[in-house]
Amino acid sequence: MSESRSTGASYAAAGVDIEAGDRAVELMKEWVKKTRRPEVLGGLGGFAGLFDASALKRYERPLLASATDGVGTKVDIARRMGVYDTIGHDLVAMVMDDIVVCGAEPLFMTDYICVGKVHPERVAAIVKGIAEGCVLAGCALVGGETAEHPGLLGGDDFDVAGAGTGVVEADRLLGADRIRKGDTVIAMASSGLHSNGYSLVRHVLLDRAGLALEAEVADLGRTLGEELLEPTKIYSLDCLALTRTTDVHAYSHITGGGLAANLARVIPDTLHATVDRSTWTPGAIFDLVGRTGDVERLELEKTLNMGVGMMAIVPQDSAEVALTTLADRGVEAWVAGEITERGEKTTGAELVGDYSA
């Protein structure tokens, strides 16, 4: 019997290290504390995160907004480079910048980290990035899950996902019904590729061209890996500030599907958004992907953000105030287009002209 017990199966023998998971939780606690809001109850380690909903009593009719997302195959770049403390910024941006589109204030977020093997310091670094992103978005990180999946994922493989909740006053809800003919479309610069289109980017630059992540690329002014890991810009607090100074009608978060398709999602059936490419110059990374892979412009534009991470639609007479507000917050922004009647057009948004050289 004793021999049977000593050679029997165990969770550890199957590849799951509970002690490593516990150590990871201890390492991440200090970062989670930095995201704390007054409404958060308890600490990390419970079965559920608690948020005091009585804080919503100040709203006449509070609407809760929720979103969930991941960061796609950008995690492969982080894994290859062994850099884990920035991918969390991307996760928060993907979730909370979706929430702020309707005018909602980000409240709290939870995360899910799936790994082939728990390396406590590595998991803690991922959570550190998520926590830092939450601070930038103004929300709390109230909990999460780290799952170890040996046999399904390699020892260095991982993926991340998150879900968030925000709140907006019902009569302040932003969207298509507020947009009017003559409104101005304002573009906010992206910090790079953000977290979309990496399957195309990896295929073109790494698989086909065989470029090394450690290689210095003159046009980028840094290594390819550093460029590809540039954290996604988090616009949440900037967008909330803009709604306090300007009569914003709608926002569009430019993610998967590109600029025109995402902008079209907030345009009413009777109206049309025209965006002029000549108002900006996409960053060098977009040209590198297009040129290296011989990717047609239309394919690039429906896959990548082309240098625009968020768009705001405001009344024409509010455009200057909006630009000033964003400039004061360090956000590069410009007038990129206008709203007109739909007419014979079948799409809600289109890009016209050529990019500025």
Side-chain angles (χ1 to χ4, degrees), residues 58-60 63 65 93 96-106 136-139 166-191 194 232-255 259-260 262-268 270-283 305-341 348-353 355-356:
R58 70 179 186 271
Y59 291 85
E60 292 287 331
L63 302 180
M96 287 307 179
D97 283 346
D98 275 356
I99 284 177
V100 81
V101 160
C102 68
E105 173 193 357
L136 293 174
C139 66
V167 62
V168 60
E169 189 69 75
D171 63 6
R172 298 294 298 165
L173 185 68
L174 305 182
D177 61 328
R178 288 180 176 265
I179 298 176
R180 298 291 182 266
K181 175 184 175 182
D183 281 354
T184 295
V185 179
I186 291 177
M188 302 180 213
S190 69
S191 55
H194 284 185
T232 303
K233 170 74 174 171
I234 298 175
Y235 301 93
S236 302
L237 295 183
D238 302 315
C239 288
L240 291 177
L242 191 57
T243 60
R244 290 193 293 268
T245 63
T246 309
D247 181 22
V248 178
H249 287 169
Y251 288 115
S252 177
H253 186 198
I254 311 305
T255 57
L259 196 156
N262 280 286
L263 183 56
R265 293 167 65 179
V266 299
I267 305 299
T270 59
L271 298 177
H272 179 77
T274 301
V275 176
D276 186 355
R277 296 184 184 94
S278 70
T279 60
W280 82 97
T281 304
N305 66 58
M306 302 306 292
V308 177
M310 182 74 76
M311 304 200 87
I313 300 174
V314 304
Q316 186 177 35
D317 59 7
S318 298
E320 286 303 317
V321 174
L323 292 175
T324 298
T325 297
L326 292 171
D328 289 345
R329 297 184 60 83
V331 179
E332 181 184 357
W334 62 93
V335 171
E338 63 177 345
I339 304 297
T340 59
E341 290 183 353
E350 67 175 334
L351 304 182
V352 300
Y355 294 112
S356 176

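A donor-acceptor pair under 3.5 Å links the side-chain atoms of Arg178 to the main chain of Leu173, judged by distance alone. Looking only at distances, a side-chain donor or acceptor of Asn262 sits under 3.5 Å from a matching main-chain atom of Thr255. Looking only at distances, no side-chain donor or acceptor of Glu341 sits under 3.5 Å from a matching main-chain atom of Lys181. The backbone N or O of Arg180 sits less than 3.5 Å from a side-chain atom of Asp183, completing a donor-acceptor pair.
Note that CD1 of Ile99 is 11.5 Å distant from NE2 of His253, once rounded to the nearest 0.5 Å. Taking CD1 of Ile339 as the reference point, atom CD1 of Ile179 lies at 5.5 Å (rounded to 0.5 Å). Taking CE from Met306 and CZ from Arg277, the interatomic distance works out to 8.5 Å, rounded to the nearest 0.5 Å. The structure places CE of Met96 at 12.5 Å from CG of Leu136, a figure rounded to the nearest 0.5 Å. Taking CD of Glu350 as the reference point, atom CG of Asp276 lies at 11.0 Å (rounded to 0.5 Å). Atom CG of Asp97 sits about 11.5 Å away from atom OG of Ser252, to the nearest 0.5 Å.
Side-chain contact between Tyr251 and Leu174: present, with at least one pair of heavy atoms (C-beta onward) separated by less than 4.5 Å. Within the 4.5 Å cutoff, the side chain of Ile254 has no heavy atoms near those of the His194 side chain. Using a 4.5 Å cut-off on side-chain heavy atoms (C-beta onward), Leu326 and Met188 make contact. In this structure, the side chains of Val275 and Trp280 come closer than 4.5 Å at one or more pairs of heavy atoms. Taking the side chain as every heavy atom from C-beta outward, Met310 and Val101 approach each other to under 4.5 Å. Taking the side chain as every heavy atom from C-beta outward, Asn305 and Val308 never approach each other to under 4.5 Å. Using a 4.5 Å heavy-atom threshold, the side chains of Met311 and Leu259 count as touching.
Scanning both residues, Leu63 and Ala170, for their nearest heavy atoms gives CD1-CA, 3.7 Å. The heavy-atom pair separating Ser190 from Tyr235 by the smallest distance is CA-OH, 3.3 Å. When all heavy atoms of Ser278 and Ser356 are compared, the pair lying nearest together is O-CB, 3.5 Å. Nearest approach of Val335 to Ala319, heavy atoms of both residues: CG2-CB, 4.4 Å. The heavy-atom pair separating Val168 from Gly103 by the smallest distance is CG2-O, 3.6 Å.
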Margin query: Evaluate Thr243 against Val100 for side-chain contact (heavy atoms from CB on, under 4.5 Å), listing each step before the verdict.
Written below: CA-CA 10 Å; Thr243 60; Val100 81; over 6 Å; no

Next item on the list: Evaluate side-chain contact (heavy atoms from CB on, under 4.5 Å) for Arg244 paired with Thr325, printing each intermediate quantity in order.
Entry: CA-CA 10 Å; Arg244 290 193 293 268; Thr325 297; over 6 Å; no

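Under the side-chain contact (heavy atoms from CB on, under 4.5 Å) rule, Pro106 has a single partner from Ile234, Val167, Leu240, which is Leu240.
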